[in-house]
A.B. asks: 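Below is the structure I would like to discuss, written out as structure tokens.
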Amino acid sequence: QVQLVESGGGLVQAGGSLRLSCVTSGTIFSMIKSMGWYRQAPGKQRELVASLSRGGLANFADSVKGRFTIFKDNAKNTVYLQMDNLKPEDTAVYYCNVVAGLSEVWGQGTQVTVSS
């Protein structure tokens with residue numbers, strides 16, 4: 001079974017930075033079709049923040065372009081979301097998502113709160 005464990009959320013002031021981590025297990029990391037970070041604020045729909053293809057192509061939501069970076073560490077089976085210049089509107093629960101084989105798996109979520 002593919003499993004994702006997220007960490008790195010917390011409370012930060014506007015303009016600060018956080019790095020989210022998503023450790024994968026139960027699959028061959030290099031064979032994951034895609035990796036992504038989503039977020040969901042209270043009362044809002046879950047939205048895609050950033051994605052990374054197996055070939056290394058990254059895509060970002062317009063709202064985070066220039067501020068967020070998605071990257072991976074193959075040796076650690078981990079995908080990261082580096083968040084810089086955080087804004088209060090970035091406050092949400094962030095979820096890691098991977099597609100591997102026939103499975104689409106979600107992490108447990110990690111809370112990011114940005115104070116103004």
Side-chain angles (χ1 to χ4, degrees):
Q1 293 180 327
V2 179
Q3 293 183 326
L4 310 178
V5 179
E6 301 178 32
S7 63
L11 175 65
V12 66
Q13 294 183 355
S17 298
L18 287 172
R19 179 179 291 182
L20 306 184
S21 300
C22 177
V23 180
T24 68
S25 64
T27 189
I28 301 174
F29 186 75
S30 62
M31 297 302 294
I32 293 174
K33 295 178 181 178
S34 64
M35 314 170 187
W37 288 94
Y38 293 72
R39 67 187 181 188
Q40 187 169 26
K44 304 292 185 179
Q45 293 184 342
R46 188 172 297 185
E47 64 174 346
L48 177 66
V49 177
S51 64
L52 185 67
S53 73
R54 187 164 60 194
L57 297 178
N59 188 46
F60 300 91
D62 289 341
S63 60
V64 306
K65 285 182 178 178
R67 300 189 297 118
F68 289 12
T69 302
I70 184 170
F71 63 99
K72 62 181 180 178
D73 185 334
N74 292 335
K76 295 182 178 180
N77 298 327
T78 301
V79 60
Y80 302 90
L81 183 68
Q82 177 68 41
M83 305 183 292
D84 297 320
N85 191 24
L86 283 161
K87 303 176 180 180
E89 50 264 43
D90 295 318
T91 295
V93 177
Y94 284 70
Y95 298 90
C96 182
N97 172 269
V98 302
V99 177
L102 300 177
S103 300
E104 182 179 24
V105 183
W106 295 90
Q108 82 280 8
T110 184
Q111 177 71 47
V112 172
T113 302
V114 184
S115 62
S116 60

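Both backbone and side-chain heavy atoms feed into the values below; hydrogens, waters and symmetry mates do not.
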A.B. asks: Please find the pair of heavy atoms, one from Q111 and one from A92, that lie closest to each other, and give the distance.
C.D. replies: NE2-O, 3.4 Å
A.B. asks: Tell me who clusters with F71, hydrophobic residues only, linked when side chains sit under 4.5 Å apart either directly or through other members.
C.D. replies: Y80
A.B. asks: State whether the side chain of E6 and the backbone N or O of C96 hold a donor-acceptor pair below 3.5 Å, judged by distance alone.
C.D. replies: yes
A.B. asks: Taking ILVMFWY side chains as joined if any heavy atoms are under 4.5 angstrom apart, and letting links pass through other members, which residues group with Y38?
C.D. replies: L48, V93, Y95, W106
A.B. asks: Please give the remaining members of the hydrophobic cluster of V64, linking ILVMFWY side chains under 4.5 Å, ordered by chain and number.
C.D. replies: V2, L4, V12, L18, L20, F29, I32, M35, W37, V49, L52, F60, F68, I70, V79, L81, M83, L86, Y94, V98, V105, V112, V114
A.B. asks: Could you tell me the separation between the OG atom of S51 and the CG atom of N97, rounded to the nearest 0.5 Å?
C.D. replies: 10.0 Å
A.B. asks: What pairs meet the salt bridge (Lys or Arg N to Asp or Glu O under 4.0 Å) rule with one or both residues in residues 48-65, with sequence neighbours excluded?
C.D. replies: D62-K65
A.B. asks: Please find the pair of heavy atoms, one from P88 and one from S116, that lie closest to each other, and give the distance.
C.D. replies: CG-CB, 3.8 Å
A.B. asks: Other than V99, what residues sit in its cluster of Ile, Leu, Val, Met, Phe, Trp and Tyr side chains whose heavy atoms are under 4.5 Å apart, directly or through others?
C.D. replies: none
A.B. asks: For the residue pair V5 and Q3, establish whether any side-chain heavy-atom pair is separated by less than 4.5 Å.
C.D. replies: no
A.B. asks: Could you state the interatomic distance from CZ (R67) to OG (S17), rounded to the nearest 0.5 Å?
C.D. replies: 10.0 Å
A.B. asks: Suppose the criterion is salt bridge (Lys or Arg N to Asp or Glu O under 4.0 Å): which pairs have a residue in residues 71-86, not counting sequence neighbours?
C.D. replies: none
A.B. asks: Specify the closest pair of heavy atoms between S21 and T78, including all atoms of both residues, with the distance to one decimal.
C.D. replies: CB-CG2, 4.1 Å
A.B. asks: Working to the nearest 0.5 angstrom, can you tell me the gap between T24 OG1 and N77 CG?
C.D. replies: 4.5 Å
A.B. asks: To the nearest 0.5 angstrom, please state how far the CD atom of Q40 sits from the CD atom of Q45.
C.D. replies: 8.5 Å
A.B. asks: If you measure from CG on N59 to OG on S53, what distance do you get to the nearest 0.5 Å?
C.D. replies: 9.5 Å
